[in-house]
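For reference, the structure is listed below as structure tokens.
Note that ligands are numbered from 1 as they come in the structure, with each ligand's atoms numbered from 1 the same way.
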Amino acid sequence: MSGFRIPFFRPSIDEDDIAAVADTLRSGWLTSAGNVQALERELADYTGAGFVNAVNSCTAAMHLCLRAWDIGPGDEVITTPWTFSATATVIVHTGATPVLADIREGDFNIDPEQVERAVTPRTKAIIPVHYAGEPCDMDALQDIAERHNLKILEDAAHAIGTMYRGRMVGQLSDAAAFSFYATKNMTTGEGGALATDDEALSDRVRRLTLHGMNRDAWNRYDPGGSWRYDIIEFGFKDNLTDPAAALGRRQLTKLERFTEERTRVAQRYFANLAGEEHVRLPAFDERNRQAWHLFEIRILPSSPVGRDDVIRQLAARGIQTSVHFIPLHYHTAYKNLGYWKQGDFPVAEAAFEGAISLPLFPDMTNAEVDDVCQALHDILAGAAAK
Ligand SMILES: *Cc1c(COP(=O)(O)O)cnc(C)c1O
């Protein structure tokens with residue numbers, strides 16, 4: 001498939017996942033129906049959130065949440081440069097202005113001190129990203145949000161199952177958005193969800209998800225349902241489908257095991273790479289539970305072989321890696337906004353110079369982890385010997 005001996009990621013799809021999807025196809029429910037409603041309930045149980053809206057991506061979940069809060073032109077929303085573009089794109093699409101606050105050394109999560117500095121009278125919300133599955137400093141962010149009357153929407157694309165001081169992501173702030181994209185910790189192919197304790201928010205998001213309609217197709221086509229509906233406001237088309245939700249329900253039953261396996265892989269990386277002087281390993285807080293979506297190492301400036309070269313040499317040995325992330329302000333569309341220049345986010349910029357995401361997926365064997373580590377040792381030692 002990928003052509004790599006050890007791919008960056010391999011999804012965990014079993015026969016029971018396949019059977020669940022096949023069942024929905026036989027049932028005739030191809031759009032949003034019983035499996036979507038069941039997945040929403042099961043995600044609420046799992047995360048401890050009061051309400052969950054299943055949608056077709058994490059991007060949609062974040063966009064709909066900002067829309068439901070009526071965030072728009074003239075407003076500012078603070079997020080991190082160390083994320084996937086979607087986190088900030090959704091701000092732009094509401095007409096609001098994205099404001100970036102640098103990350104902190106260590107876990108690469110948004111730095112509350114930088115957030116505090118970025119707050120203005122126009123600020124309406126903060127979107128922290130739980131990078132790699134390590135939660136942000138939510139106590140500090142909540143404190144800022146309360147003092148300035150801001151909403152918090154967590155980008156929890158990496159963080160389903162993450163716990164902050166014993167509490168699941170999904171019950172930590174105003175809202176949290178999960179991703180069920182193919183490479184995420186659980187998948188529906190494409191999919192996502194918004195978790196919140198705010199019923200009014202959940203209701204508004206539900207309406208915006210499906211055209212701004214006052215009732216969904218499930219009700220309309222039910223035997224007792226009616227053909228009548230009303231368009232209350234101008235909405236979007238972001239609903240999850242039943243075949244995808246059926247896959248998500250199976251995946252959710254296995255998520256705890258997936259997380260255990262990811263943790264096993266991460267621990268083995270830590271053990272194997274502990275003595276590697278040119279590599280900095282991920283920082284995490286023992287008081288939290290990490291979802292280990294990524295294992296991001298940093299090739300230190302002291303290394304005789306640079307990051308790009310390490311990636312090339314790993315690839316030559318059949319090992320696929322990635323980089324998370326290219327800082328947002330390095331991308332053309334963000335440059336064209338004219339808000340930022342190189343040097344504005346020194347921590348994110350320095351992190352980017354050395355960042356490499358190593359392969360990490362639940363079915364990765366210990367031998368595969370050892371193989372990746374040996375290759376890294378060889379590459380770094382080989383260059384040092386020259
Ligand atoms: C994957 C990802 C997203 C987008 O998720 P989709 O479900 O593909 O929309 C958003 N933020 C981060 C940090 C991600 O890694």
Candidates His293, Glu296, His158 - the one meeting side chain to side chain donor-acceptor pair (under 3.5 Å) with Tyr131: Glu296
Considering only heavy atoms of Thr87, which atoms of ligand 1 have at least one such atom less than 4.0 Å away? 11 (N)
Would you check the N or O atoms of His158, main chain and side chain alike, for any that come under 3.5 Å of an N or O of ligand 1? yes
Given salt bridge (charged side-chain N to carboxylate O under 4.0 Å, His left out), test Asp203 with Arg206 step by step and report yes or no. CA-CA 5 Å; Asp203 287 347; Arg206 191 169 307 283; 5.1 Å; no
When you compare the side chains of Thr24 and Asp242, does any donor N or O come within less than 3.5 Å of an acceptor on the partner? no
Which of the numbered atoms in ligand 1 are under 4.0 angstrom from any heavy atom belonging to Gly191? 7 (O)
For atom 7 (O) of ligand 1, the protein heavy atom that lies nearest, with its residue and separation: Ser179 OG, 2.7 Å
Purely on distance, is any nitrogen or oxygen of Asp155 under 3.5 Å from one on ligand 1? yes
Please check this pair: side chain of Gln320 against backbone of Phe8, looking for a donor-acceptor N/O pair closer than 3.5 Å. yes
Establish, yes or no, whether the cationic atom of Arg262 lies under 6.0 Å from the six-membered ring centre of Phe295 and within 45° of the ring axis. no
Any N or O of Cys58 that comes nearer than 3.5 Å to an N or O of ligand 1? yes
One finds that the ligand 1 atoms under 4.0 Å from a non-hydrogen atom of Thr83 are 13 (C)
Starting from atom 9 (O) of ligand 1, which protein heavy atom do you reach first, and at what distance in Å? Thr59 OG1, 2.5 Å
Kindly determine whether Arg264 and Glu261 satisfy salt bridge (charged side-chain N to carboxylate O under 4.0 Å, His left out), including the steps that lead there. CA-CA 5 Å; Arg264 167 186 58 81; Glu261 295 297 337; 2.7 Å; yes
Check Ala157 against ligand 1 and report side chain, backbone, both or neither, counting heavy atoms closer than 4.0 Å. side chain
Quick test: of every protein heavy atom, which one is nearest to atom 2 (C) of ligand 1, and how far off is it to 0.1 Å? Lys184 NZ, 2.8 Å
Can you tell me if CD on Glu113 sees more than 12 non-hydrogen neighbours from other groups inside 6.0 Å? no
